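Below is one structure; the comments refer to it alone.
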Amino acid sequence: MKKGVVSWMMVGILTVSLAGCAGSPEKSVVQEKNMDKMLEQAESKENSRTYEQVKEELEKKQETYKKKINNKKLKVTVDVDAKVEVPEVQKLSVYRVSAKKISQGFLDKARKSLTPDVALYQGEKKKSRTKAVVAQEIKSTEKWLADAKKSGDKTLEEEYAEELAELKKEYKEVPAQVSLTDYPSDNKIQSIKKLYDGSPKDTFYSWLHELHGNGDVFYGASDGKDGIYRELFAQNSANYGNCLRYHCSRTDGSPTYIYAAAVGSDIPFTASKKQGEEPDFGKSGVESDKGKAFVAKAVGNEPLTLSEAEAEKKVNTLMKDLGLGDYQCYEKGLCSQLVGELKREGDDKYRDVYQFRFLRKLDNVFVNNLNGFKLDEKWQGTDYVKKMWENETVVVTVNDSGITDFFYLSPLSIDKTMVEKSQIKSFAEIRDTFEKMVVIENASKDGGSDAKVSIKVTDVSLMYTRISEKDSFDTGLIVPVWNFTGTVTDESGQEKTGAVLSINAIDGSVINQTLGY
């Protein structure tokens with residue numbers, strides 16, 4: 001693999017944060033994970049209740065769930081103090097869904113709304129390898145080769161010698177410089193195979209072809225002559241998912257997450273904050289290469305003076321223009337966001353933005369897959385195959401410049417209503433399953449006597465989620481689930497806030513978000 005392709009591969013890896021696999025549930029729960037049987041239960045009148053009955057039972061009891069669990073053997077303590085909330089609807093259903101591709105029509109709408117009257121060029125040319133870039137790599141490799149010779153490390157010496165020879169060969173082939181405006185975009189989603197076959201030596205197309213095979217892509221960028229640098233990217237990939245991403249900034253430099261292979265579930269490198277406080281990017285997973293606290297400075301040319309209500313109005317207009325009326329705002333707030341390329345060397349810049357997350361609503365119920373995503377990785381002969389199906393979401397950021405980011409991630413096609421009025425288990429049954437499984441799923445993996453896991457559950461709600469069919473990667477069902485949320489503190493003292501456990505409301509099975517069912 002050529003060095004240029006390796007660098008593009010690293011871009012794809014940068015933004016992937018894999019959810020840890022859940023612990024193995026007991027057999028009684030696992031054996032219920034059968035799609036056909038679950039659909040039978042959804043329609044069966046035996047040992048189940050309609051949603052209206054479950055809601056009525058909870059309303060009579062004014063259900064507040066309180067429970068303390070201390071499992072000394074598995075070293076898990078659980079403190080539950082939560083109101084049980086259900087949606088104000090008459091029924092819950094089951095839908096068959098599939099991964100939806102980004103169409104040319106939607107790309108045209110997005111371009112019209114996000115980059116009106118702005119010329120776009122072939123975005124990958126911003127990262128073209130030039131003689132200056134390769135010359136710097138030659139200089140570094142020559143130093144590493146000299147060090148390897150001094151140390152007597154023959155293996156490293158051979159590797160650096162081979163790499164140096166390839167770089168010198170590449171230096172003769174690459175251009176002295178590349179002007180973005182020499183490469184106007186046709187603004188069309190194109191076959192990756194066709195792009196690769198037309199330019200097999202192009203490192204960007206080689207990277208795309210290796211990851212996405214027969215997928216489709218569009219990548220456009222403006223020249224920034226008006227002081228704003230815009231990038232628009234769309235991807236359809238059977239391996240890494242479908243998405244459309246837009247980013248603009250007054251700071252030049254392509255954020256790696258715009259063209260990253262993995263779809264992701266959010267805009268990376270953002271940190272929630274309150275008015276007047278400094279952002280803590282460490283909490284959002286951005287670490288310094290030097291082991292010190294990550295430090296960034298506020299940019300001076302991207303102010304945020306508009307109110308959250310004004311920002312939300314802009315976002316709602318955009319969602320309407322794009323025809324995304326099936327999505328509603330799930331959460332919103334003030335964030336700080338790193339801009340430009342991530343350097344981690346003390347000269348990074350951030351801007352303040354309002355961030356809005358939208359989720360799909362079906363039957364006026366949120367479809368929430370924010371707990372995780374489906375992942376399948378294995379060897380097929382000599383090939384390593386990795387496939388991901390992320391959760392569906394729309395994330396938008398806004399500052400005084402207007403819409404600064406728009407992410408349309410893993411859209412779903414609602415293909416068929418499988419069960420119009422689904423039967424579901426009572427909360428009492430689900431509660432028993434939760435108390436049994438929350439300990440097993442979060443059991444301490446550290447054998448030390450002081451190791452323990454503590455869990456606080458603050459919310460319990462009934463919502464929709466997507467589960468995947470076991471033998472089909474990109475099709476699945478939307479089903480009602482009981483979602484238990486709060487904070488898990490692991491053996492090392494690390495806190496994770498969000499979903500603690502999700503239980504299928506139809507058959508009572510625990511949803512493993514990484515497996516997708």
Side-chain angles (χ1 to χ4, degrees), residues 21-35 37-87 92 94 365 368 371-372 419 422-444 452-465 467 477 479-488 498-513 515 517:
C21 293
S24 298
E26 293 188 357
K27 185 178 179 181
S28 61
V29 175
V30 173
Q31 67 186 10
E32 296 300 322
K33 293 187 176 183
N34 179 295
M35 291 293 185
K37 187 174 182 179
M38 185 201 69
L39 289 172
E40 290 176 8
Q41 287 183 255
E43 294 185 292
S44 173
K45 302 296 189 292
E46 296 180 12
N47 302 318
S48 290
R49 292 167 170 78
T50 66
Y51 171 67
E52 289 175 303
Q53 290 173 319
V54 172
K55 183 172 69 169
E56 187 176 323
E57 288 175 3
L58 287 167
E59 288 172 348
K60 285 180 179 178
K61 296 180 180 179
Q62 294 182 329
E63 185 74 47
T64 298
Y65 178 28
K66 293 187 178 184
K67 182 75 176 182
K68 292 186 183 292
I69 303 170
N70 185 4
N71 189 307
K72 294 182 179 179
K73 181 180 178 181
L74 297 179
K75 302 175 183 177
V76 178
T77 60
V78 184
D79 183 4
V80 183
D81 187 354
K83 182 180 179 181
V84 181
E85 298 181 294
V86 296
L92 293 174
V94 179
V365 180
N368 188 329
N371 302 347
V419 180
S422 177
Q423 303 287 306
I424 65 174
K425 291 186 175 294
S426 68
F427 179 69
E429 293 176 272
I430 296 297
R431 182 179 59 206
D432 291 342
T433 301
F434 169 79
E435 292 174 7
K436 177 182 179 182
M437 297 305 299
V438 68
V439 175
I440 295 172
E441 292 287 295
N442 293 279
S444 173
K452 63 179 182 179
V453 176
S454 62
I455 300 170
K456 288 187 177 181
V457 176
T458 54
D459 295 283
V460 180
S461 56
L462 187 58
M463 60 180 62
Y464 279 140
T465 198
I467 59 175
L477 300 173
V479 299
V481 298
W482 290 97
N483 208 40
F484 297 76
T485 61
T487 302
V488 178
V500 174
L501 203 68
S502 293
I503 300 175
N504 190 319
I506 297 172
D507 64 7
S509 62
V510 173
I511 305 294
N512 184 315
Q513 295 293 343
L515 293 176
Y517 57 88

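In this text the structure is predicted, and so the values were computed from the model without any measurement. No hydrogens, no waters, no symmetry mates; every other heavy atom, side chains included, goes into these values. When a residue number appears, it is its place in the shown sequence, counting from 1.
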Which atom pair, heavy atoms only, marks the closest approach of [X] to [Y]?
X	Y	value
Lys66	Asp81	CE-OD1, 3.3 Å
Pro480	Leu92	CB-CD1, 3.8 Å
Val54	Lys425	CG2-O, 4.0 Å
Ala42	Val94	CB-CG2, 4.3 Å
Arg49	Ser426	NH1-CB, 3.6 Å
Leu74	Val439	CD1-CG1, 3.5 Å

Just verifying a value: how many Å separate [X] [atom1] and [Y] [atom2], rounded to the nearest 0.5 Å?
X	Y	atom1	atom2	result
Glu429	Arg431	CD	CZ	10.5 Å
Thr465	Asn504	OG1	CG	9.5 Å
Lys75	Lys72	NZ	NZ	13.0 Å
Glu435	Ile69	CD	CD1	5.0 Å
Asp79	Asn70	CG	CG	11.0 Å
Ser44	Ile506	OG	CD1	11.5 Å

(message) I'd like to know whether Met463 forms a side-chain contact (heavy atoms from CB on, under 4.5 Å) with Val481, so could you lay out the CA-CA distance, the side-chain angles of the two residues, the decisive distance to 0.1 Å, and finally the verdict.
(response) CA-CA 6 Å; Met463 60 180 62; Val481 298; 4.0 Å; yes
Sub-4.5 Å side-chain heavy-atom contact between [X] and [Y]:
X	Y	value
Val488	Ile455	yes
Thr50	Gln423	yes
Thr433	Trp482	no
Met38	Ile467	yes

(request) State, without any angle test, whether Asp459 and Ser461 hold a side-chain donor-acceptor pair at a distance under 3.5 Å. (result) no
(request) Could you walk me through whether Ser502 and Asn483 pass side chain to side chain donor-acceptor pair (under 3.5 Å), step by step? (result) CA-CA 5 Å; Ser502 293; Asn483 208 40; 2.3 Å; yes
(message) Parallel, tilted or perpendicular, judged at 30° and 60°: which one describes the rings of Phe427 and Phe484?
(response) parallel
(request) Assess whether side-chain contact (heavy atoms from CB on, under 4.5 Å) is satisfied between Val457 and Phe434, documenting all intermediate values. (result) CA-CA 11 Å; Val457 176; Phe434 169 79; 3.8 Å; yes
(request) Carefully, step by step, assess Leu462 and Ile424 under the rule side-chain contact (heavy atoms from CB on, under 4.5 Å). (result) CA-CA 11 Å; Leu462 187 58; Ile424 65 174; 4.0 Å; yes
